[in-house]
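The structure appears right after this line, and notes come after that.
The first residue in the sequence is number 1, and the count goes up from there.
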Amino acid sequence: MAISRAQLVKELEPGLNALFGLEYKNYDNEHAEIFDIESSERAFEEEVMLSGFGNAQVKAEGQGVSFDDAQETFTARYTNETIALAFAITEEAIEDNLYDRLACCSFRESLLIALLRS
């Protein structure tokens, strides 16, 4: 649904001093210090854990070597997703807005912040 004049009532009247609520402090990509970022061109990626082997046993003289089996025990699947967000605003809301420079900048900044948070 498009943003209409009904959602921007105060911006249609004279006397508005400021628009606020989007000026929170932004933080750098702190997750990059903790997590590795990998790229992928697949719908999903998988990582498989192997069980490994048990402890080695003492071999008696003249006896054969003990053998052990390894197998897959756990599979982690990472499904890649596309994130997207947009907004629409009616022509009338733009034309009648007395503070269009403030509102347009606020909507663009809000969209950018929302995408960065995602």
Side-chain angles (χ1 to χ4, degrees):
M1 185 166 136
I3 299 168
S4 68
R5 290 178 290 186
Q7 285 95 15
L8 306 175
V9 175
K10 293 294 184 186
E11 295 175 49
L12 304 176
E13 301 172 356
L16 181 63
N17 187 40
L19 295 170
F20 69 95
L22 303 175
E23 292 141 9
Y24 298 105
K25 184 174 180 178
N26 292 325
Y27 296 95
D28 292 330
N29 294 330
E30 294 175 342
H31 67 279
E33 296 177 20
I34 302 170
F35 300 104
D36 294 328
I37 299 172
E38 298 179 9
S39 61
S40 174
E41 295 186 12
R42 298 180 175 196
F44 63 89
E45 300 282 343
E46 289 186 337
E47 294 179 354
V48 178
M49 184 172 104
L50 298 175
S51 65
F53 301 111
N55 294 335
Q57 298 176 8
V58 175
K59 181 183 94 58
E61 184 177 348
Q63 297 297 314
V65 175
S66 297
F67 289 87
D68 198 357
D69 294 326
Q71 61 185 355
E72 297 175 354
T73 61
F74 177 78
T75 300
R77 177 177 277 202
Y78 307 99
T79 303
N80 295 311
E81 299 174 327
T82 300
I83 60 167
L85 184 64
F87 70 91
I89 187 166
T90 65
E91 182 177 348
E92 293 83 3
I94 293 171
E95 290 171 353
D96 294 347
N97 191 322
L98 300 178
Y99 311 94
D100 59 330
R101 287 188 15 236
L102 293 174
C104 288
C105 289
S106 294
F107 289 139
R108 283 193 302 262
E109 289 173 13
S110 179
L111 185 60
L112 175 63
I113 290 167
L115 289 170
L116 291 173
R117 273 195 324 248
S118 303

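Residues passing the side chain to side chain contact (heavy atoms under 4.5 Å, CB included) test with S118 are I83, sequence neighbours excluded. In this structure T73 satisfies the side-chain hydrogen bond (donor to acceptor under 3.5 Å, both in side chains) test with no other residue, sequence neighbours excluded. With sequence neighbours excluded, the residues satisfying side chain to side chain contact (heavy atoms under 4.5 Å, CB included) with A70 are S51, F53. For E46, the salt bridge (charged side-chain N to carboxylate O under 4.0 Å, His left out) criterion is met by R77, not counting sequence neighbours. With sequence neighbours excluded, no residue satisfies side-chain hydrogen bond (donor to acceptor under 3.5 Å, both in side chains) with E92. Partners of E33 by side-chain hydrogen bond (donor to acceptor under 3.5 Å, both in side chains), not counting sequence neighbours: none found. Residues satisfying the side-chain hydrogen bond (donor to acceptor under 3.5 Å, both in side chains) test with E47, not counting sequence neighbours, are Y78.
L116 belongs to a hydrophobic cluster whose other members, connected by ILVMFWY side-chain contacts under 4.5 Å either directly or through intermediates, are L112. Counting side-chain heavy-atom gaps under 4.5 Å among Ile, Leu, Val, Met, Phe, Trp and Tyr, the cluster of F35 also holds I34. Hydrophobic side-chain contacts under 4.5 Å tie F74 into a cluster, directly or through other members, with M49.
For CD of E91, the number of neighbouring non-hydrogen atoms (other residues, nucleotides, ligands) closer than 6.0 Å is 12 at most.
Here the side chain of N80 pairs no donor or acceptor atom with the backbone of E41 at under 3.5 angstrom.
To the nearest 0.5 Å, atoms CG (D36) and NE2 (H31) are separated by 10.5 Å.
The salt bridge (charged side-chain N to carboxylate O under 4.0 Å, His left out) analysis of residues 55-76, with sequence neighbours excluded, yields no pairs.
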